[in-house]
Amino acid sequence: MWRGRQRITSIRQVTFTAGPAATVGRFQGSGQGPGVHPGPFLFLIKNCISVIVGLLRCQNTTPQRPRRFGRGADKIVGLEKMKKYNPNKIERKWQKYWEDKKLYEAKDFSGGKEPRKMTSSSRGNNFMLLVEFPYPSGDLHTGHWFAFSVPDIYGRYLRMNGFNVMYPIGFDAFGLPAENAAIKNNIHPRDWTKKNITKMSKQLRSMGAGFDWSREVSTIDPEYYRWTQWIFIQLYNAGLAYRAETLVNWCPNDKTVLANEQVIDGKCDRCGSAVEQRNLSQWMFKITSFADRLIDDLKDLDWPESTKLAQINWIGKSEGININYDVEGVNIQITVYTTRPDTNFGATFIVVAPDSKFVKENKELFSNEDEVKKYLAESKKKSDLERIAEGRKKTGVFTGLYAVNNLTDKKMPIYISDFVLATVGTGAVVGVPGHDVRDFEFAQEKGLEVIRVVVGKDDDTSPITKIEQVQEGAGIIVNSKFLNGLDIHEATEKIKDYIEEKGWGKRAVNYRLHDWVLSRQRYWGVPIPLVFCEHCAAISNSQFPVFNDKEGGTIMERNGKRYAVVPVPENELPVKLPPLKDFMPADDSRSPLAKAGKWLKVKCPKCGQPAERETDTMDTFVDSSWYYMRYTDPKNEKEFASQENMAKWLPLPLYFGGAEHNTMHLLYSRFITKALRSQNLIDFSEPFLGRRNHGFIMDSTTGQKMSKSKGQAVDPDEQVAKYGADTMRMYFAFMGPYDQNYAWNFDSVLGVRRFLDRVWNFVNKPTTDNQQPTTESPEVRITIHKAIKNVGEAIKSHRFNVGVSELMKCLNAIEHSELSVVGCELFVKLLAPFAPHIAEELWMEVLGNKTSVHLEKWPEFNEALLLEELVTLVIQVNSRVRDTISVRQGLSEDEVKKIVLANEKIQKALEGKEIKKFIYIQDRLTNIVV
RNA sequence: GGGCGAGUGGCGAAACUGGCAACCGCAUACGCUUCAGGUGCGUACGACCGCAAGGUUUUGGGGGUUCAACUCCCCCCUCGCCCACCA
């Protein structure tokens, strides 16, 4: 109950009870419904308060404004005549209004228009707020809604805080699903994609987000992908793109190359058949040459630690040593990479990968040729699926060769086994079965010697016979001559020095990360802008090279012929994707573009002779790794973006997106940025200074991530029609932290809608006493100013759910009070980022403003006013709550002590006991220890 | 096997820097309102004991530090995600 009203003699004494905030400032029984008028007594009190407060705070007289209906003193409207909140009626209206007024079209102001408040990381006062652009899969799903509508709250808040916000939108429109859908529905991928873009644009508009549609980009637009091709050529000329043979996933049923992410548990994610490995010639980006910087530069980024760690682990840098062992009886060496040379005294065998260089080059030296051949053939045929099914079972074949361990002079048999991977390290492993589980398994299989060279804390020195005894962690070295007694870290460094001194090997660094295979033998992608010319290759020699240094062109072999690889000149870009009717993948693992006869044959840009285009297209991750740059200058015909515009917006202060891109899109974008920086084409080396991940919206019935392919139970369009976009937006914000996963809850949505209904009725509420309220009560004012503070801080720190809850709390507290127009306006401003349509309607139509609420400044709260609020002080005796009292803020310990010791309940609790300690935490709690 | 994250009412969740655990909302119950309601308003609502006042107890489990622990430290359990024979 609101006790304060009986004893207002000064502002100081206006008290809030310790009760729930919901009852604060509430006039019981007044103004609750249509035509209900408070009794004359309450009126009197209310008016008295207004007068007293007005006298006390005369600086706060409320400006009088004309209003069309609702609160106007000139026009009393009963609630029964009041318009009901009807989102469908107002939302489209305001969306159109904002678009007509170009409210969200960001101007390319030069930086530093106003001092930065939120972050020092982006340029001047400009703030590009980015959410990963969507793939036009057909329908906007609830996940999109969540991903885009919640950051819009932040964007609107920034805008109200004086930032020049750009919230761009576009489509990542190339990719395999378009082809699949096209094949299925007998429609061209381009038509399918464009249709989807049209539909999804409309759906995105229904969100009421502050998207800047004037900057829309689409990766399938030739004016966009011309620059994707241009960037490829820059990287090619810089030696950062090259062609090489590599193992790729091959689906024998669909006759196509699959990206790693299209292989699920060794099966094609489309047809389910077992995926094979094929060796194909592919275009690659040299991402590994930036591996160290991709790790090191993470430390300055404001990213989730989990994302940073995911990238570090993905890059997988390890520091070890390459050891060369002489092979007995022949004049060759075998090189192994190991991170644990400290265990080398326990090495008893060597294993090489079936497709390793060592096997390829030394086949004729193997004694048991037939067996080796058989094993190689088998392991090549074996699909990933079979390997997975086999589990960890180790197979292998002896080559007949022995390597000599220099440290022990032991002969180590060399085996071939497919548990060793050709692409890791040197493709050869030294077997230390005592201290590596895989080595132990292999040793057991082949009956090889196991030696213990590390003992753990338990000091167990017994021979190792069981897998549980294999020890990989910390310990002390034994049985290793001069390493004995050292811990494994000391031993590792000592033995590395020793091996290097002896010339037996060299320290080496290894990465898990491999170069980025960007070729796709698919139709629906950006053509790689290169031409193969036989003639150029024929006339080129060391005296008359066809390429100068800058061009970076190369000669390469293909099907036994020599070709010069000639980049398409800049003025001939874009190399447009030919309008193929038959875009089914070809049988010979060549791209469908090979079927485009006319397009394929070109005059060589270098020599003018007949030549052929590259038929591979690019991985769509190339398209999406630079799109944010294009947003700064989307219509530029001369450059991918002007330096001037990029300087105004980049690097990005904040990037919202899904955690599934931790190691894909985010790493690729960082690489492309660093590659362009290395060529002085941009002046920043990290694209995204800040990063926030969002969670997924799960299907409440299946518990799975919502997606088009799996069919979705919740159609956002239906929900918008039912509840309105504002309710949807607010619900998504309210559900909980942005980075968590949620199931759609139909009932909870209703709660948010109820809140907006109440907001609507509250602001529209006619005055009950036929009097213009001059100013609200101090309690109400404090409540509103608290909301300004709390809602603002919540949005600023991306705690959107807390922001909504603070707004609700505020309404609960003021709902049954009189509010001045200024008070109403403050509330509507706080609501504006969350529910932009209803806020605009209330702002302009009800409160009678002439310009958009979204152009308003975020209100400032009155700190002095907040200090006037009484706080609840908890009194504990021996950490048990004995009473709570309402006191003014900032009391000293002595003052509090006096009050507390005078308290009856406390006296009772203290009876006959001696106070040992008096703890006082200002404005919060006291604890008396007895 | 490795890495990361999370465990708080019937549910989504809140809790600033160690300071009243459960704000806000949903669901539920009861009352009022309504011709009717997926309506509106009000009250109650972690659990246990109690008519009540009040008491006891509670943040996955166990221990520790502290006047005070959801929060800090140690051990354990469960779940989720990512990578996975990485030498």
Side-chain angles (χ1 to χ4, degrees), chain A residues 18 20-22 28-29 32-34 36 304-310 312-314 316 318 320 336-340 343 351 353 387-388 390-394 417-421 423-432 436-439 441-442 472 510-513 659-660 662-663 695-696 722 731 734-737 739-743 745-755 757-758 761 790 793 797 799 801-812 816 872-884 916-930:
Chain A
Q28 290 298 319
Q32 283 178 6
V36 176
E305 283 306 311
S306 57
T307 302
K308 290 187 186 183
L309 272 162
I312 289 169
N313 290 336
W314 186 264
S318 71
V336 302
Y337 172 77
T338 178
T339 55
R340 294 292 305 279
T343 61
V351 189
R387 281 173 212 241
I388 290 165
E390 274 177 9
R392 299 176 64 92
K393 194 173 182 307
K394 302 290 181 287
S417 173
D418 59 11
F419 86 85
V420 175
L421 307 175
T423 50
V424 178
T426 59
V429 174
V430 56
V432 185
D436 182 283
V437 170
R438 294 152 304 167
D439 293 354
E441 285 167 344
F442 190 75
E472 295 177 280
N510 222 314
Y511 299 94
R512 208 193 78 109
L513 181 74
E660 73 272 23
N662 277 353
T663 51
F696 299 115
K722 203 164 168 185
Y731 172 62
F734 186 52
M735 282 188 304
D739 58 1
Q740 284 177 35
N741 301 341
Y742 301 94
N745 183 323
F746 290 88
D747 292 326
S748 288
V749 183
L750 209 59
V752 174
R753 172 58 197 264
R754 277 203 278 262
F755 168 74
D757 278 328
R758 279 165 53 209
N761 293 342
N790 293 345
E793 282 173 0
S797 55
R799 286 149 60 236
N801 54 331
V802 179
V804 176
S805 131
E806 289 295 333
L807 268 179
M808 288 175 167
K809 241 195 274 189
C810 178
L811 183 69
N812 287 347
H816 298 298
T872 304
L873 192 70
V874 176
I875 311 173
Q876 299 179 333
V877 177
N878 280 345
S879 307
R880 291 191 164 266
V881 180
R882 290 300 168 201
D883 201 8
T884 58
K916 288 190 188 137
K917 211 168 174 185
F918 188 89
I919 292 155
Y920 173 52
I921 308 296
Q922 201 177 63
D923 300 341
R924 285 184 197 281
L925 148 156
T926 65
N927 191 6
I928 304 166
V929 185
V930 292

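Every chain is numbered from 1, with letters handed out A, B, ... down the list of sequences.
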Roughly how many Å apart are [M] and [N], using the [atom1] atom of each and rounding to a whole number?
N     : M     : atom1 : value
B/G46 : B/G10 : C1'   : 10 Å
B/G42 : B/G55 : P     : 30 Å
B/U58 : B/G63 : P     : 12 Å
B/U43 : B/C23 : P     : 15 Å
B/C81 : B/C32 : C1'   : 50 Å
B/C72 : B/A87 : P     : 32 Å
B/U65 : B/C75 : C1'   : 15 Å
B/C79 : B/A27 : C1'   : 25 Å

### Query
How would you label the contact of A/Gly751 with the nucleic acid (heavy atoms, under 4.0 Å): base, sugar-phosphate, or nothing?
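Sugar-phosphate contact only.
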### Task
Tell me what A/Asn801 touches on the nucleic acid: a base, only sugar-phosphate, or nothing, going by heavy atoms under 4.0 Å.
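Sugar-phosphate contact only - A/Asn801 comes under 4.0 Å of backbone atoms but never of a base.
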Between [Y] and [X], is there a side-chain heavy-atom distance shorter than 4.5 Å?
X        : Y        : answer
A/Ile875 : A/Thr926 : yes
A/Phe442 : A/Asp436 : no
A/Leu807 : A/Phe755 : yes

Round to a whole Å and report the spacing from [atom1] of [X] to [atom2] of [N].
X        : N     : atom1 : atom2 : answer
A/Ile921 : B/C16 : CD1   : P     : 15 Å
A/Glu660 : B/G80 : CD    : C1'   : 16 Å
A/Phe696 : B/C81 : CZ    : P     : 11 Å
A/Arg754 : B/G42 : CZ    : P     : 12 Å
A/Phe419 : B/A87 : CZ    : C1'   : 8 Å
A/Leu750 : B/G38 : CG    : P     : 11 Å

Under a 3.5 Å cut-off for both distances, is [N] Watson-Crick or wobble paired, and to whom?
N     : result
B/C79 : B/G5
B/A21 : none
B/A68 : none
B/G10 : B/C26

#### Entry: 5′-ward residue of the pair A/Ser318/A/Ser748 relative to RNA chain B
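Comparing both residues, the 5'-ward one is A/Ser748.
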### Task
With RNA chain B as reference, determine whether A/Val802 or A/Leu309 sits nearer its 5' end, using the nearest nucleotide of each.
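Nearest-nucleotide comparison on RNA chain B picks A/Leu309.
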### Query
So, A/Asn662 side chain and A/Thr307 main chain: donor-acceptor pair closer than 3.5 Å or not?
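Flag not set: sc A/Asn662 to bb A/Thr307 has no pair under 3.5 Å.
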### Task
State which of B/C23, B/G42, B/G25 makes the closest approach to the side chain of A/Ser805.
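Closest nucleotide among those given: B/C23.
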### Query
With a 3.5 Å cut-off and just heavy-atom distances, do the side chain of A/Lys916 and the base of B/C67 make a donor-acceptor pair?
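No, the side chain and the base share no sub-3.5 Å donor-acceptor pair.
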### Task
Please confirm whether any donor atom in the side chain of A/Arg882 sits under 3.5 Å from an acceptor in the base of B/C20, or the reverse.
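Under the 3.5 Å cut-off, the side chain and the base do not form any donor-acceptor pair.
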### Query
Does a nitrogen or oxygen in the side chain of A/Arg924 sit under 4.0 Å from OP1 or OP2 of B/U17?
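No, A/Arg924 has no side-chain N/O under 4.0 Å of OP1/OP2 on B/U17.
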### Chi-angle category of B/G9 [syn within 90° of 0, anti beyond]
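Syn for B/G9; the angle stays within 90° of 0.
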### A/Asn510 and A/Ser318 side chains, donor-acceptor separation under 3.5 Å
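Result is no, nothing qualifies.
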### Message
Any donor-acceptor pair under 3.5 Å linking the side-chain atoms of A/Asn812 with those of A/Arg758?
### Response
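A/Arg758 vs A/Asn812: donor-acceptor pair found between side chains.
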#### Entry: NZ/NE/NH1/NH2 to OD/OE distance under 4.0 Å, A/Glu806 and A/Lys809
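A/Lys809 and A/Glu806: salt-bridged.
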